[in-house]
Amino acid sequence: PAACALEILPAEVADFVTVSPQRFIAQQNATQDVVVAFKPRSARTLDETASLVCQVRGLKPVKLPIFGQAVVPDVRLLREEDAVLDLESQFVGFEARKELVLVNHSEDVAACLSIDLTNHADFRVVETTPTDGASSSSTTTTSNSLDGEGPVWTLRVAAQSQLSLELVF
């Protein structure tokens, strides 16, 4: 067995490129799964300056280049007038509904969005079927916040697709 250490270099990229596990014991004739995660917080490109360095005691370090590109998905409302959510006047006990269509114009990047209704328990989101047959999905969780009990919706809109939903008050 040999002790192995994995490191992401240069240090400037280590806050958005991670490796797990960072240390392990390599057994003879065995394999070790390693996960390299690229989690950028802004648009950027990783070029040949980023690398995963594997150091095994007694051997020369192995340096593997890491390449990647983080792009910002291009998601827009289908209708510009939907940028203002006017639900108009409603009688108590009646529902007001506003349809919103989110369009992901990105060529090959899915978009993940959240609709946080934590402080707006009177609102809810109703997802309708994607009109172009693209795979889009959503999940909802109820917040345990002291500020409110409304749901938080997480939406995933596939590249070059759209997702229709209704905001209900």
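Scope of the values below: all heavy atoms of this structure, side chains included, with no hydrogens, waters or symmetry mates.
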Shared-cluster residues of V53, by chain and number - hydrophobic side chains joined below 4.5 Å: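 Answer for V53: L9.
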My understanding is that a hydrophobic cluster links ILVMFWY residues whose side chain heavy atoms are under 4.5 Å apart, including indirect links. Using that, what else belongs to the cluster containing I8?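 Via sub-4.5 Å side-chain contacts, I8 links to L6, V13, F16, V17, V19, F24, V34, V36, F38, L46, L52, V62, L64, I66.
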If you round to the nearest 0.5 Å, how far is [atom2] of [Y] from [atom1] of [X]?
X	Y	atom1	atom2	answer
K98	L165	NZ	CG	12.0 Å
K63	S51	NZ	OG	4.5 Å
L78	Q162	CG	CD	6.0 Å
L163	L100	CG	CG	10.0 Å

Mind checking what makes side-chain contact (heavy atoms from CB on, under 4.5 Å) contact with I25, not counting sequence neighbours?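 For I25 the side-chain contact (heavy atoms from CB on, under 4.5 Å) partners, ignoring immediate neighbours, are P1, A3, Q27.
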Dump the intermediate steps for side chain to side chain contact (heavy atoms under 4.5 Å, CB included) on L113 and V157, then the final yes or no. CA-CA 8 Å; L113 308 120; V157 185; 4.0 Å; yes
Output every pair passing salt bridge (charged side-chain N to carboxylate O under 4.0 Å, His left out) with a member in residues 65-79, not counting sequence neighbours, ordered by first then second residue.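 Counting only pairs at least two positions apart or across chains, the salt bridge (charged side-chain N to carboxylate O under 4.0 Å, His left out) contacts touching residues 65-79 are D74-R76, R79-D82, R79-E99.
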Has the side chain of N104 got a donor or acceptor atom that lies under 3.5 Å from a matching backbone atom of S161?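 No; judged by distance alone, with no hydrogens or angles, the pair does not exist.
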What verdict does the side chain to side chain contact (heavy atoms under 4.5 Å, CB included) test give for L77 and V103, after you've listed the backbone C-alpha separation in whole Å, the side-chain angles of each residue and the deciding distance to 0.1 Å? CA-CA 6 Å; L77 291 167; V103 181; over 6 Å; no
When you compare the side chain of Q55 with that of E7, does any pair of heavy atoms fall below 4.5 Å?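 Yes; the side chains approach each other to less than 4.5 Å.
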Do E107 and Q160 make a side-chain contact, defined as non-hydrogen atoms from C-beta onward lying under 4.5 Å apart?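 Heavy-atom side-chain distance check passes, below 4.5 Å.
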Give a yes or no on this: more than 12 heavy atoms of other residues, nucleotides or ligands lie within 6.0 Å of atom CD of Q22.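 Not more than 12 within 6.0 Å, no.
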Heavy-atom closest pair, residues T49 and P10: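 Scanning both residues, the minimum pair turns out to be O-CD, 3.2 Å.
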Considering all heavy atoms of both residues, which atom of A110 and which atom of P73 are nearest to each other, and what is their separation?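 That would be O-CG, 3.8 Å.
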Taking only residues two or more places apart in sequence or in another chain, which ones pass side-chain hydrogen bond (donor to acceptor under 3.5 Å, both in side chains) with R57?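 Once residues adjacent in sequence are excluded, R57 has no partner under the side-chain hydrogen bond (donor to acceptor under 3.5 Å, both in side chains) criterion.
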Check: D116/S114 side-chain N/O donor and acceptor closer than 3.5 Å: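 Their side chains do not contain a donor-acceptor pair, so the 3.5 Å distance test is not met.
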Pairs meeting criterion side-chain hydrogen bond (donor to acceptor under 3.5 Å, both in side chains) with involvement of residues 35-44, two or more places apart: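 For residues 35-44, and leaving out neighbouring residues, the side-chain hydrogen bond (donor to acceptor under 3.5 Å, both in side chains) pairs sorted by first residue read D15-R41.
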Same cluster for L155 and L117 if Ile/Leu/Val/Met/Phe/Trp/Tyr side chains link at under 4.5 Å?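 Yes, because L155 and L117 connect within a single hydrophobic cluster, where side-chain heavy atoms sit under 4.5 Å apart.
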